[in-house]
Amino acid sequence: MTEPSPTSIKDALQSTAPIDAIQVQGWVRTRRDSKDFSFIELNDGSSLRNLQIIARNVLRNYADVQRLTTGASIIVSGALVASQGKGQKWELVADKIDIVGGSDESYPLQKKGHTPEFLREIAHLRPRSNLFGCVFRVRSRLAFAIHQFFQERGFIYVHTPVITGSDCEGAGELFRVSTIDIKNPPRKNGEIDYAQDFFARQTYLTVSGQLEAEALALALSKVYTFGPTFRAENSNTSRHASEFWMIEPEMAFCDLNGNMDLAEELVKYLIADVRKHCSDEMELFAKFVDKELLERLDFVVDRPFQRIMYSDAVDLLKKSGEKFEFPIDYGLNLQSEHERWLTEKRFKCPVTVFNFPKEIKPFYMRLNDDGKTVAAMDLLVPGIGEIVGGSQREERQEALEENMRRHKMDPADYKWYLDLRRYGTAPHSGFGLGFERMLMFITGVPNIRDVIPFARTPGSAEF
RNA sequence: UCCAGCGUAGCUCAGUGGUAGAGCGGUCGGCUGUUAACCGAUUGGUCGUAGGUUCGAAUCCUACCGCUGGAGCCA
C-alpha cells in the first residue's frame, strides 16, 4: 500500500477543494474528547495555524490516540473535508494515526500562555510555541528579503572572514581565537608567543566585515555581507547579544547621501516585505506583543525618515526643555534618552543623524571639509535606538593615515587597507544593519534573546 | 560593569514574624462537533542557595547565585 506523500499543514489549510487521501505530520498542540471521537489540534511549524484532526473511535489504536498528550508527534492519513464546526475551513478525518513520539504530563508547554522569560529557559522547546514559531518564520523571511533586496539591485553577496587578525576595528571587545594550551602557553621573553599559535599571530572572531568588504567593493562596485558577528562586551541589555548577525553593504562611488538613501530604502523594503508575506505572524505580534505595532510599521513605510545633522540634533535637544539625566553638548555622544526623545517625541519616526564630531567616531570615517566632523550616520528607530550605523569611508590615503595616527594606530599594521587608497581609490560608503534589531523592530519583540533561537549573552551559552 | 527590583506548586502570582494558599495546568470522572470547551473531584512545595537574628523565619539581616528593567558600550 502506498501512502500519499506528506502535505504541509500550511498547504492543506490553503486547499481549494476536498482531498480524499492526504497525509500530514506534526506535533499535537491540544486534544479534546467528544462522544465518539477526539479532536486533535496538529501543528507542523509550516504556519501559525493548526489543522484539526478528527480521530473517530473506529480507529484501531483509538485507545492510544485518546492517551495522546500535548507535545506528541504523529503522522495522520485521511480525508481533508469541509469542517462542520466553526473556526476552521478544513479538517482532516483520520483513517490512520501513527504515534511517532509520545509525550507526557511533564511536557512544559501547557495550553495556558507562558511568559517569554520562562520559554527562554526551554529554548529547545519554545519553537513549538505560537510566539516563537512566528518569530522564527519571520526571521527566515527577513533573511530572504535581505538577499532579495540586494540581489534585485545588483549587489554581490560576499563572504568576509569570521576569524580576523585585525584587532582595532573600533567596535568593542573581541573573542580570542587560539589553539594555545592556556595552562601552558609557549613563551618568549616572558610574554605569550603567539607566533606559535595556529595562525602564527593573534586572531579573533570578527566584530565587522567592513574593512574586507571595502576591498571587495573597490572591485565589484556594490557588495554586501550577511553573516555572524561577535562582541565580547559585557553588555547586559535587551538589545545586545554576544553573537548576532549583521548586514553590511558597501558601495564604491557612493557618498553619504547615497548611503543614507540606501539604508532608508532597505528598512522600508524589509518592513513591507514581511508585512506582505507574514500576515498571520504579524497579526499575532500585534495582538499579543505590541498593540501599536502595525500602525507604527505602516507609518514608517509611508513617511520619509527625518534627517538631521548632529549639531542640529544637539541644538534641538538643548532647546527641548526636557530634563535629561545625562548632559547634552556638542562633542558628546547622544545618550539613549536623547535618541529616544528624537525618535519617539520630537519626530515620532525613524531619524537619521549625520555628520558627527570626528572625536567620537572611528578612524575609517571620511573627514568633512569643515575639518571637524566626519561623514557618519546613525539611523535611529523608536523603541530600539540605533539600528544602522554607517559612514562614507576615508578614501584619501594621507587623510586616512592621519586619522590612524590620531587614533593611536600604526598605519604599518594596515598596509593592505591603505593599498586600497594607493591603487585606484574611489569614494565609497557603507553601513551595518543589525539583523536581530531589525527583527525586533518588525516583530515588536522587546528582547533580543527572543528573536535568536539560541542566544549567547554574557554568562549564558546553554543549549 | 553600575543602579533598581524580583526569586513561594509544572506556569502566573498572593501570603510582611506564629498550622504554606489561589488561579491555570496535570490526573480521574461526567457532558459534549469541540476549538484557551464546560461541570465535579483530585494532585501538587527543601518558600533560589548558604549562613545569621529569634522561643519561632517564606517574612528580618549578610553573602552568593539566577532572572528582569534601566544605564554604559554598540548593531
Side-chain angles (χ1 to χ4, degrees), chain A residues 29-42 49-56 67 69-71 81-88 91 93 103-122 125 129-130 169-173 207-210 228-248 263 288 324-326 332-340 360-362 378-381 384-390 431-441 446-452 457-460 462:
Chain A
R29 280 297 177 78
T30 73
R31 194 182 53 75
R32 297 176 290 276
D33 281 328
S34 190
K35 195 172 183 183
D36 300 320
F37 56 95
S38 196
F39 294 104
I40 300 170
E41 295 276 339
L42 196 68
R49 296 169 196 238
N50 303 325
L51 178 61
Q52 177 163 282
I53 309 293
I54 309 297
R56 294 166 301 174
R67 261 180 263 120
T69 56
T70 306
V81 302
S83 177
Q84 295 174 32
K86 289 175 184 169
Q88 61 278 318
E91 63 190 19
V93 178
S103 185
D104 63 37
E105 64 279 358
S106 66
Y107 186 64
L109 290 170
Q110 303 157 359
K111 248 184 272 184
K112 184 81 182 157
H114 293 289
T115 61
E117 290 78 17
F118 168 69
L119 292 169
R120 211 176 286 154
E121 294 169 18
I122 48 167
L125 295 173
S129 68
N130 284 339
E169 293 174 10
E173 301 287 317
V207 292
S208 165
Q210 182 201 315
T229 302
F230 306 87
R231 304 273 166 94
E233 288 288 353
N234 192 6
S235 303
N236 232 309
T237 81
S238 56
R239 49 190 194 287
H240 288 84
S242 310
E243 175 182 323
F244 62 99
W245 284 57
M246 190 157 62
I247 300 101
E248 295 179 286
F288 294 112
F324 293 114
E325 189 185 344
F326 291 91
L332 299 176
N333 269 308
L334 296 181
Q335 305 288 322
S336 288
E337 58 176 345
H338 305 140
E339 297 178 350
R340 280 223 148 105
I360 58 174
K361 288 291 179 185
D378 284 353
L379 174 52
L380 314 173
V381 296
I384 313 260
E386 187 178 341
I387 198 167
V388 165
F431 61 83
L433 169 71
F435 180 61
E436 282 81 8
R437 287 194 180 171
M438 190 66 212
L439 194 51
M440 290 166 73
F441 187 60
N447 196 309
I448 198 167
R449 296 169 183 88
D450 298 330
V451 296
I452 303 176
T457 51
S460 177
E462 213 191 335

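Letters A, B, ... mirror the listed sequences (proteins, then strands); counts begin at 1.
Residue A:Ile54 is the one, among A:Ile54 and A:Ser238, whose nearest nucleotide of RNA chain B lies closer to the 5' end (criterion: closest heavy atom).
Of the candidates B:A71, B:G33, B:G26, the closest approach to any side-chain atom of A:Glu105 belongs to B:G26. The side chain of A:Ser83 lies closest to B:G33 when the candidates are B:C74, B:G33, B:G69. With B:U12, B:G33, B:U1 as the candidates, the nucleotide lying closest to the side chain of A:Phe118 is B:U12. The side chain of A:Arg340 sits closest to B:A71 out of B:C73, B:A71, B:A75. Among B:A75, B:U34, B:G72, the nucleotide with an atom closest to any side-chain atom of A:Arg437 is B:A75. With distances taken from any side-chain atom of A:Lys35 to the nucleotides B:G26, B:G33, B:C73, the minimum falls on B:G33.
By the side-chain contact (heavy atoms from CB on, under 4.5 Å) test, A:Arg56 pairs with A:Phe37, A:Ile54, A:Val58, A:Val93, A:Asp95, sequence neighbours left out.
At least one donor-acceptor pair under 3.5 Å links the side chain of A:Arg437 to the backbone N or O of A:Glu386.
Applying the Watson-Crick and G-U wobble criteria (two distances, each under 3.5 Å), B:C2 pairs with B:G70. When both pairing distances are held under 3.5 Å, B:C38 makes a Watson-Crick or G-U pair with B:G30. Applying the Watson-Crick and G-U wobble criteria (two distances, each under 3.5 Å), B:U53 pairs with nothing in any strand. Across every strand in view, B:G23 sits in a pair with B:C11 that passes the Watson-Crick or G-U test at under 3.5 angstrom. Across every strand in view, B:A58 sits unpaired, with no contact that passes the Watson-Crick or G-U test at under 3.5 angstrom.
Here the separation of B:C24 from B:U19, taken at their P atoms, is 26 Å to the nearest Å. Rounded to a whole angstrom, the distance from the P atom of B:C31 to that of B:G48 is 44 Å. The same atom, P, is picked in B:A58 and in B:G18; the two are 10 Å apart, to the nearest Å. Nucleotides B:U54 and B:G15 have their P atoms positioned 28 Å apart, rounded to a whole Å. Nucleotides B:G25 and B:U42, compared at atom C1', are 13 Å apart to the nearest Å. Comparing B:U12 with B:G7, their C1' atoms are spaced 14 Å from each other, to the whole Å. With P as the reference atom, B:A9 and B:G44 are 15 Å apart, rounded to whole Å. Look at the P atom in both B:U32 and B:U46: the space between them is 41 Å, to the nearest Å.
Under 3.5 Å, the side chain of A:Gln84 and the base of B:G33 form at least one donor-acceptor pair of N or O atoms. Counting atom types as modelled, A:His114 pairs no side-chain N or O with a base atom of B:C11 as donor and acceptor under 3.5 Å.
Rounded to whole Å, the distance from CE on A:Met440 to P on B:C74 is 18 Å. Atom CZ in A:Phe288 sits roughly 17 Å away from atom P in B:U12 (whole-Å rounding). Rounded to a whole Å, the CD atom of A:Glu117 is 9 Å from the P atom of B:U12. Rounded to a whole Å, the CD1 atom of A:Ile387 is 12 Å from the P atom of B:A75. Rounded to whole angstrom, the span from the CG atom of A:Leu109 across to the P atom of B:C24 amounts to 20 Å. Residue A:Asp36 contributes atom CG, which lies 10 Å from atom P of B:U32 at whole-angstrom precision. For A:Phe230 and B:A75, the CZ to P distance is 16 Å, given to the nearest whole Å. If you take CG of A:Asn234 and P of B:C74, they are 15 Å apart, rounded to a whole angstrom.
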Between A:Arg29 and A:Asn130, is the side chain to side chain donor-acceptor pair (under 3.5 Å) condition met? List the steps. CA-CA 10 Å; A:Arg29 280 297 177 78; A:Asn130 284 339; 2.7 Å; yes
Walk me through it: do A:Arg239 and A:Glu436 pass the test salt bridge (charged side-chain N to carboxylate O under 4.0 Å, His left out)? CA-CA 8 Å; A:Arg239 49 190 194 287; A:Glu436 282 81 8; over 6 Å; no
Checking salt bridge (charged side-chain N to carboxylate O under 4.0 Å, His left out) for the pair A:Arg67/A:Asp104: CA distance, chi angles, key distance, verdict? CA-CA 9 Å; A:Arg67 261 180 263 120; A:Asp104 63 37; over 6 Å; no
Show your reasoning for whether side-chain contact (heavy atoms from CB on, under 4.5 Å) applies to A:Phe244 and A:Arg231. CA-CA 8 Å; A:Phe244 62 99; A:Arg231 304 273 166 94; 3.6 Å; yes
Go through A:Phe39 and A:Gln52 one step at a time and tell me if the side-chain contact (heavy atoms from CB on, under 4.5 Å) criterion holds. CA-CA 7 Å; A:Phe39 294 104; A:Gln52 177 163 282; 3.6 Å; yes
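A:Ile384 and A:Met440 get closest at one heavy-atom pair: CD1-CB, 3.6 Å. The two atoms that bring A:Glu91 and A:Ser83 nearest to each other are OE1-OG, 2.9 Å, heavy atoms only.
At the heavy-atom level, A:Gly85 lies under 4.0 Å from base atoms of the strands shown. Residue contacts for A:Ile384: at a heavy-atom cut-off of 4.0 Å it reaches no nucleic acid atom on any strand shown. Across all strands shown, A:Phe326 has heavy atoms under 4.0 Å from sugar-phosphate atoms exclusively, and none from any base. The residue A:Glu121 sits apart from the nucleic acid: no heavy atom pair falls under 4.0 Å. A:Glu91 comes within 4.0 angstrom of a nucleotide base, judged by non-hydrogen atoms across all strands. Within the nucleic acid shown, A:Glu436 has no heavy atom closer than 4.0 Å to any nucleic acid atom.
Taking CD of A:Glu339 as the reference point, atom CG of A:Leu380 lies at 4.5 Å (rounded to 0.5 Å).
Under 4.0 angstrom from either OP1 or OP2 of B:U34 there lies no side-chain N or O belonging to A:Ser34. Note on A:Ser235: every side-chain N or O is 4.0 Å or more away from OP1 and OP2 of B:G72. Between A:Asn236 and B:C2 there is no side-chain N or O to OP1 or OP2 distance below 4.0 Å. Between B:G72 and A:Gln335, a contact under 4.0 Å exists linking OP1 or OP2 to a side-chain N or O. The shortest distance between the side-chain N/O atoms of A:Thr115 and the OP1/OP2 oxygens of B:U12 is below 4.0 Å.
Checking A:Thr69 against A:Glu105 by side-chain atom types alone, no donor-acceptor pair falls below 3.5 Å.
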Polar pairs (N or O, both sides) under 3.5 Å between protein and nucleotides 36-40 of chain B?
| unit_1 | atom_1 | unit_2 | atom_2 | d |
| --- | --- | --- | --- | --- |
| B:A36 | N1 | A:Lys112 | NZ | 3.0 |
| B:A37 | OP1 | A:Lys111 | NZ | 3.0 |
| B:A37 | OP2 | A:Arg32 | NH1 | 3.4 |

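For the pair A:Phe37 and B:G33, the ring geometry does not qualify as stacking, because the centroid separation below 5.5 Å and plane angle under 30° are not jointly satisfied.
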